There are 4 protein chains.
Amino acid sequence: MKLTAQETGVYAIAPTPFLPDGQVDTRSIDRMTDFYEESGCRGITALGIMGEAHKLETEEAFDIAARIIKRFSGPVVIGVSAPGFVAMRKLAHFAMDQGAAGVMIAPVPSLRTDEQIVAYFRQAIEAIGDDIPWVLQDYPLTLSVIMTPTVIQRIVTDNPSCVMLKHEDWPGLEKISTLRGYQKDGSLKPMSILVGNGGLFLDFEMERGADGAMTGYAFPELLIDVVKLQKAGKRDAAHDLFDAHLPLIRYEQQPGAGLSVRKYVLQKRGIISSSAQRKPGATITATAKAEVDYLLSRVARVDRRANLQPQSSAAG
Amino acid sequence: MKLTAQETGVYAIAPTPFLPDGQVDTRSIDRMTDFYEESGCRGITALGIMGEAHKLETEEAFDIAARIIKRFSGPVVIGVSAPGFVAMRKLAHFAMDQGAAGVMIAPVPSLRTDEQIVAYFRQAIEAIGDDIPWVLQDYPLTLSVIMTPTVIQRIVTDNPSCVMLKHEDWPGLEKISTLRGYQKDGSLKPMSILVGNGGLFLDFEMERGADGAMTGYAFPELLIDVVKLQKAGKRDAAHDLFDAHLPLIRYEQQPGAGLSVRKYVLQKRGIISSSAQRKPGATITATAKAEVDYLLSRVARVDRRANLQPQSSAAG
Amino acid sequence: MKLTAQETGVYAIAPTPFLPDGQVDTRSIDRMTDFYEESGCRGITALGIMGEAHKLETEEAFDIAARIIKRFSGPVVIGVSAPGFVAMRKLAHFAMDQGAAGVMIAPVPSLRTDEQIVAYFRQAIEAIGDDIPWVLQDYPLTLSVIMTPTVIQRIVTDNPSCVMLKHEDWPGLEKISTLRGYQKDGSLKPMSILVGNGGLFLDFEMERGADGAMTGYAFPELLIDVVKLQKAGKRDAAHDLFDAHLPLIRYEQQPGAGLSVRKYVLQKRGIISSSAQRKPGATITATAKAEVDYLLSRVARVDRRANLQPQSSAAG
Amino acid sequence: MKLTAQETGVYAIAPTPFLPDGQVDTRSIDRMTDFYEESGCRGITALGIMGEAHKLETEEAFDIAARIIKRFSGPVVIGVSAPGFVAMRKLAHFAMDQGAAGVMIAPVPSLRTDEQIVAYFRQAIEAIGDDIPWVLQDYPLTLSVIMTPTVIQRIVTDNPSCVMLKHEDWPGLEKISTLRGYQKDGSLKPMSILVGNGGLFLDFEMERGADGAMTGYAFPELLIDVVKLQKAGKRDAAHDLFDAHLPLIRYEQQPGAGLSVRKYVLQKRGIISSSAQRKPGATITATAKAEVDYLLSRVARVDRRANLQPQSSAAG
């Protein structure tokens, strides 16, 4: 199954579970993969920024990619961003050989001008080959690379194998409208737009024309429900459900600290065994845990999936 | 009335109202000042970043400062950040002569190391004099200057006239806890901490030890209520009210675009006559206005203050 | 006399002389203006970055501009870069009324994408009017705004009143060649290119097609000679003279520290009375002074203009 | 042979030679290693930024490190900077097992505050072990991490295995004086300071107390001579020789473009067979080659080592 420009739904951005000693936690990877499957995720994206991919050794990255691709029945996208094109090519080819649906590429943070950005992606696709469907990641807050709609248009036009945008500019609502406008007037080919940023604007992003979400909020079920409700035209219901989760979504979307919150909730849900991150990484304080617990209890008033039992063996 | 380290409550960050042709709108300034007074704001902070201070001529800035100070019965803080200390000193002295309670100083964006930051504030206070109470603005997202708790401790210890922190780091919850911890162990003198960032984390910031808010969310009444409820120990009620506004707070807190949302709501509320910004500035699209209108209608289900009539003469 | 696209020669970037107490030193301004006149500078550019313009009060800036324009017989360019367009317009109109030849505008540091940069200059020219000849300053090292040749082409095409580029990208040789290539193929209108960066690449920049220099090296005579020799086709002689100064040029071109070196040499030459800078600013250590003295003594072996007497009353 | 705080002399920063098709050019590696040996370099530093280390696959990097360590008789330092500590540890242990004298670590570009920087190096040394002698790389222009003398002092004091500073701050003269001052007053332990930046300030850096150079200027013989002359107290002779090379040193020190110049000269010298860089990388134009040729001819008037024959088979 190859990624196409018609993809919709929710792709979970998979964190990489570690044991408290820093080892990759393969049993949690399997449990997490099964959880995404059962919860209705259309796809999984592994080895992204929130997957701590840059902290993995090459072999570890390959093993994780292969493991998830093999276990998950739907499309799996592998993040192949790398400082050098040789490493990018190697991981991309490995992933596709294993059965990945496509790869995801983020710009390197040093890029500044429109021309530098466009040239970078041209060279990247020369390196991996133009027959691998790929996702363009647009994440200025973390990567500090700003891609205007015009630049995205140029990249996509230059590289027909780009079939999807992982949209996480902030603010980004007008950007979606602009890109969809380009498609209406024929100046941009069709492509899937899945939104990120932890889902912080998913409610309106769907109304602006997004096809779904590709992000790692610890309740992918919520993302799935909001996407479905919006597609069904049930606007108020979509916002009602979204708003119930928004206090937690916002809390999880704190730069630098968010992954520790996300892993803590996934651990509480019994999906991963530890909230540990590899160094350098943030830890979550007892006060923050209590705040998350409080937020969960409030979400649970509306969405019983957030009704989590206290963890007797919380290791995170 | 001089600013002290015991300040609590809500200071409204005042936008600068402009007429559609770019002129300063003095009638709206007066109406806005009265609105803040009547809505229960403890103070007003004028000429901050969201006040478009950098787009004002010197004389305009002086006139606006004088006008608000004269009209408002409570404490007024004047933002005096400037590229040069001569201009900073002149505005600070003018403001205090007019009756301001204190001034606010943000670091210049070029500062990087701890020592550069500490030296900058020492020089700034040498320039304005050490007898003017002042607010330290900590706003890394916009200013790109990162002040650790240790650096804030050094600045405040070096400069006893610093009596307040405008806290808008993001994430910032642990920072408040750390600073309050310093005060408990005696390594930091008492100071007021008012939080910014449009109020996006006001709910938990109050629980971490904030004294109130200094921000410009278009419903200062909400900020006032949340501060009061949290101080009264009514946690659930505080969160219930806060959560009802959170979808709009989030929408208003979009970098670059937020001020246009804020001015649009203030205009809808009849407080300012136009949502115009001086160039360079963002404008708000019709789609975004409709989204804000929808959010307001949802807030109004819980908080009738958001039940705004459509503007027949919406000029913004 | 209005600035045109045919300008050649050397424009001195004038520092702003201060007395040790921080007051503007008007007598030194006059002496410096006369010095530039006598040394053969084609023009003077005042209130630039190295003129510490951002540390001046509005009235001080106006007075300095008027003073130099009145005294100097050749064209004077006034730097009008400002955070807001209202202030930019006011200074630009004042300068032209006083008899300036044109104004210089640098991009604000927050600009990132090609479109933001192009839009900024369009708005700036809307603000000051399209009838004032202006110089586009391209100085990425300090301003952190990167303008590709394509962007410069768009700005100049959009704004016919742009007649000159102050080129100080680094590296920048290929940029000059590219822009001159655009002019040859007719895709860029004629414009003067004067180079900055303290002259660090003046030798080759002239060979690439620059029309001269606009920079503040403490020996403008050297810049003038190199420009003349290169225009006369005396390549080796140009490099011989340039190379004799290069150790000092390099020393003066240290970011942050360079202005203190430049002012120290100008003081030694008897042109300004003090090397003082307004805070925040760098100071020059005794060791650095001795290093500069040593470099001057070495330059003096080839260029007797560098044969400076020790200052008995060195105040800087 | 392990790196100690007493190291002096010149360490060549080795580029990684590639064939025009992007393959690692092992024969050129050997020839280059022999050249450094014969020219009198004290040591070699491989896999640094100018070694395009980030473009290498893990196995390639390991092979290059092993090859150079085995062939070179003196101390070899291996750059082990990596986004993750697992990869850093693995390469560091491999290098030391192969006989490296030590490793070099640069801060990751995202570090901003003093505390972040200090914490990063503490975690890095925890990861690789505290028994491997290492070089702290201080290169703000490229890495955008600013380490004050105080921060360097903290890092070195926290981590006794740090025995050397690769100093390439710019400006950096006062920094050397400050660090040497710390050592005089006993607040900093002894450590070697070798300077980088292509040697652009080597003349004065030696006078400020540097122990030598660690940089990749294409004439390491010049660096060696200047270091020797300065150590012998022959100041004028040192500057005379240095100044003869300075026009070329400056030309090679252009950010982004410099490596293509360096490789071009090394190719002309017959040391490497191609000036090719792996993508993304700069290329050198015909005009730039002619400029370098001209500079070489001028250097050759003083230093016959620069008297290079035209390359009949210049592939770069």
Side-chain angles (χ1 to χ4, degrees), chain B residues 16 18 21-24 47 49 51-62 79 81-91 93-94 106-113 115-128 141-145 255-256 277-283, chain C residues 16 18 21-24 47 49 51-62 64 81-91 93-94 106-113 115-128 141-145 255-256 277-283:
Chain B
T16 297
F18 293 106
D21 67 359
Q23 294 295 303
V24 173
L47 304 184
I49 295 167
E52 300 175 68
H54 58 291
K55 302 179 194 168
L56 297 171
E57 280 193 282
T58 306
E59 283 176 25
E60 291 173 329
F62 278 53
S81 303
F85 291 138
V86 176
M88 184 187 291
R89 172 191 172 86
K90 197 166 173 183
L91 179 54
H93 284 210
F94 173 81
V108 290
S110 58
L111 302 173
R112 293 293 301 271
T113 69
E115 284 163 33
Q116 287 170 343
I117 299 168
V118 168
Y120 179 81
F121 284 103
R122 191 178 55 239
Q123 291 187 323
I125 301 314
E126 278 172 18
I128 68 167
L141 183 64
T142 290
L143 298 168
S144 73
V145 176
Q277 293 178 45
R278 272 207 180 150
K279 290 179 184 174
T283 51
Chain C
T16 298
F18 294 106
D21 66 359
Q23 294 294 305
V24 173
L47 304 183
I49 295 167
E52 300 175 68
H54 57 290
K55 302 178 194 169
L56 297 171
E57 280 193 283
T58 304
E59 284 176 24
E60 292 174 328
F62 278 52
I64 292 169
S81 303
F85 291 137
V86 176
M88 184 186 291
R89 172 190 172 84
K90 196 166 175 183
L91 178 54
H93 284 210
F94 173 81
V108 290
S110 57
L111 302 172
R112 292 295 300 272
T113 69
E115 284 163 34
Q116 287 170 343
I117 299 168
V118 168
Y120 179 81
F121 283 103
R122 191 178 55 240
Q123 292 186 322
I125 301 314
E126 278 173 17
I128 68 166
L141 183 63
T142 290
L143 298 169
S144 73
V145 176
Q277 292 178 47
R278 273 207 179 152
K279 291 180 186 174
T283 51

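In what follows, chains carry the letters A, B, and so on, assigned in the order in which the sequence lines appear, proteins first and then strands, with residues in each chain numbered from 1. In this text, all values refer to a predicted model and were calculated from it rather than measured experimentally.
For the atom pair CD (C/Glu57) and CZ (B/Arg89), the distance works out to 10.0 Å, reported to the nearest 0.5 Å. Atom-to-atom distance recorded for C/Lys90:NZ and B/Thr58:OG1 is 7.5 Å, nearest 0.5 angstrom. Here the CD atom belonging to B/Gln123 is positioned 13.5 Å from the CZ atom belonging to C/Arg278, to the nearest 0.5 angstrom. From C/Phe85, atom CZ reaches atom NZ of B/Lys55 across 9.0 Å, with rounding to the nearest 0.5 Å.
Ranking C/Val108, C/Leu56, C/Val86 against chain B, the residue ahead of the rest is C/Val86, based on heavy-atom pairs under 4.5 Å.
Proximity to chain B is limited to the side chain of C/Glu126, based on heavy atoms less than 4.5 angstrom apart.
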